[in-house]
2 protein chains.
Amino acid sequence: MNECNQQVITIQALQRMPYYIQQLKILKENKVETVSAPRIAELLKLNEVQVRKDFAAVYTAKGKPKTGFPVTELLNNMEELLGYHNINEAVIVGSGSLARAIITDESLQNFGLEIVAAFDLNPADAESCGVKILASDKISNLCRRMKIHIGIITVPAAQAQVVCDQLVAGGILAVWNFTPVRLSVPEYILVRNENLAASFAILSNHLKKTL
Amino acid sequence: MNECNQQVITIQALQRMPYYIQQLKILKENKVETVSAPRIAELLKLNEVQVRKDFAAVYTAKGKPKTGFPVTELLNNMEELLGYHNINEAVIVGSGSLARAIITDESLQNFGLEIVAAFDLNPADAESCGVKILASDKISNLCRRMKIHIGIITVPAAQAQVVCDQLVAGGILAVWNFTPVRLSVPEYILVRNENLAASFAILSNHLKKTL
DNA sequence: TAGATTGTTAATCGATTAACAATC
DNA sequence: TAGATTGTTAATCGATTAACAATC
């Protein structure tokens, strides 16, 4: 849809976008019309130059010296970048408490995630999560039929690769992997690993050094 | 406790440890006694040199050319590094489905996380999570009394900073922040931000570029 | 005009990857 | 001995931070 008319945005910058968006929304609510990079940097405890670069990478116009950036326009450009305006439909496999947490997470809904179905090996046993739960063998069919492009995996580690293969067979393009397994996928597919244990390792090691 | 007798381990390397540990455990179960860096790299889809460097940073002895590393010893060194052997006690604030997911996550338990209490503004309303739920005003007291050093925050954004201040007052040293708020803390405290929206931004942007 | 803020170019930092000699 | 694998040093890559001229 949009060509390479914008500069490339780094993964790190992309991850800062939700923070900017959240902050800009607050400013907008408070009727603030323009904001400078140093001000945002101060509010979010980031480096001023970094904020300016991030804004420059996203904002279609140019900031005004002494004034800064128009809040609403900047916000729109950011939401555009993340596909906020065209909602991202996804399926989730697994229906434990983690799945429930993801399905009900408000901030994800704000960023355009819409979970259209959940799958479980035993749909009858599964907790209700506010989304209908289907048998896992229907994954590929449903994804293909509904043209879903995002698959979220929250099953036990042993089933992760099987589920992933089914999602790939269903035409998924991006996988959000909450299992500790390193998945094998064709290279055109993006896998984003979310590993709580990996994060916890950082905390744990810090304490060990400190105490 | 342990001085700077080991080389410094990067955050990135630290985050790979849980993957190594998981893989080494599998090898150990299969009675494999030694393993080489290239083999682990292959299994986990990592760069061979990176694995070797990570091992060198953790392993107290030296690997043997042509043979590799002894599985059990290497595993022990890694678990030692993460404080696996001395369990990490923590409290969690908030008692929604995310809290429940964290409390019941098996891989976190395997890595030594032990959640000793959960807090909620209205303990009566809160779902049972297998841990007793206390009123939020008891946070500081309990942390101090039980010498807890890790605080996990899963409350709504609006309460995040207040809760964080209470944890800090209770003597916490590391905060695991699941809210989208950038917390203000004294500089001796480590804050690890877990932001689902930030991760989702990466997936969303990838799809936007691809489709 | 003076001063705040911009955008850009250069320097720094941190992590990964490549190259290669040492060793079992 | 030959070959696989090690550890180390150097090159590369990516991201952050600093320096500074341009501009409203």
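Not measured: the values here are computed from a predicted model. All values below were derived from every heavy atom in this structure, side-chain atoms included, with hydrogens, water molecules and symmetry-related copies excluded. Each chain gets a letter, A, B and so on, in the order the sequences are listed, and its residues count up from 1.
Panel note: side chain A:Q15, backbone A:T10; no donor-acceptor pair is recorded below 3.5 Å. At distances below 3.5 Å, not a single donor-acceptor pair connects side-chain atoms of A:N193 with backbone N or O atoms of A:N195. Side chain of A:N47 to main chain of A:V49: a donor-acceptor pair is present (N/O by atom type, distance under 3.5 Å, no hydrogens or angles). A donor-acceptor distance shorter than 3.5 angstrom exists from the side chain of B:S140 to the backbone of B:Q166, with no hydrogens or angles considered. Using a distance-only test at 3.5 Å, with no hydrogens or angles considered, a donor-acceptor pair links the side chain of A:T104 to the main chain of A:R100. In this structure a side-chain-to-backbone donor-acceptor pair under 3.5 Å is missing from B:S36 to B:T67.
Rounded to whole angstrom, the span from the CG atom of B:D54 across to the P atom of C:dT17 amounts to 11 Å. Rounded to an integer number of Å, the gap from B:Q15 CD to C:dT16 P is 10 Å. Atom NZ of B:K53 and atom C1' of C:dG14 are 11 Å apart (whole Å). Rounded to whole Å, atom C1' of C:dT8 lies 16 Å from atom CD of A:Q50. Distance, A:I9 CD1 to D:dA15 P: 12 Å, rounded to whole Å. Rounded to a whole Å, the CG atom of B:N47 is 14 Å from the C1' atom of D:dA11.
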Show the distances under 3.5 angstrom between N or O atoms of the protein and N or O atoms of nucleotides 1-7 of chain D.
| from | atom 1 | to | atom 2 | distance (Å) |
| --- | --- | --- | --- | --- |
| D:dT5 | O4' | B:K66 | N | 3.1 |
| D:dT6 | OP1 | B:A37 | N | 2.9 |
| D:dT6 | OP2 | B:R52 | NE | 3.0 |
| D:dT6 | O3' | B:G63 | O | 3.4 |
| D:dG7 | OP1 | B:G63 | N | 2.8 |
| D:dG7 | O3' | B:K62 | NZ | 3.4 |
| D:dG7 | N7 | B:R52 | NH1 | 3.2 |
| D:dG7 | O6 | B:R52 | NH1 | 3.0 |

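Salt-bridge formation is detected for the pair B:R52/B:E48: a Lys NZ or Arg NE/NH1/NH2 atom is positioned less than 4.0 Å from an Asp or Glu carboxylate oxygen.
For residues 195-205 of chain B, proximity to DNA chain C is found at no residue, defined as any non-hydrogen atom under 4.0 angstrom from a strand atom.
The side chain of A:R16 contributes an N or O atom lying less than 4.0 Å from OP1 or OP2 of D:dT16. Residue B:Q12 has no polar side-chain atom (N or O) positioned under 4.0 Å from OP1 or OP2 of C:dA15.
Among all heavy-atom pairs drawn from A:S136 and A:L121, the shortest one is OG-N, 3.3 Å.
Partners of A:S184 by side chain to side chain donor-acceptor pair (under 3.5 Å), not counting sequence neighbours, listed by chain and number: B:K45. Residues satisfying the side chain to side chain donor-acceptor pair (under 3.5 Å) criterion with A:Q12, sequence neighbours excluded, are absent altogether. Listed by chain and number, the residues in a salt bridge (Lys or Arg N to Asp or Glu O under 4.0 Å) with A:R182 amount to none (sequence neighbours excluded).
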Can you give the dot-bracket line for DNA chain C, where a pair is Watson-Crick or G-U wobble with both atom distances under 3.5 Å, crossing pairs use [ ], and | marks a partner on another strand?
..||||||||||||||||||||||
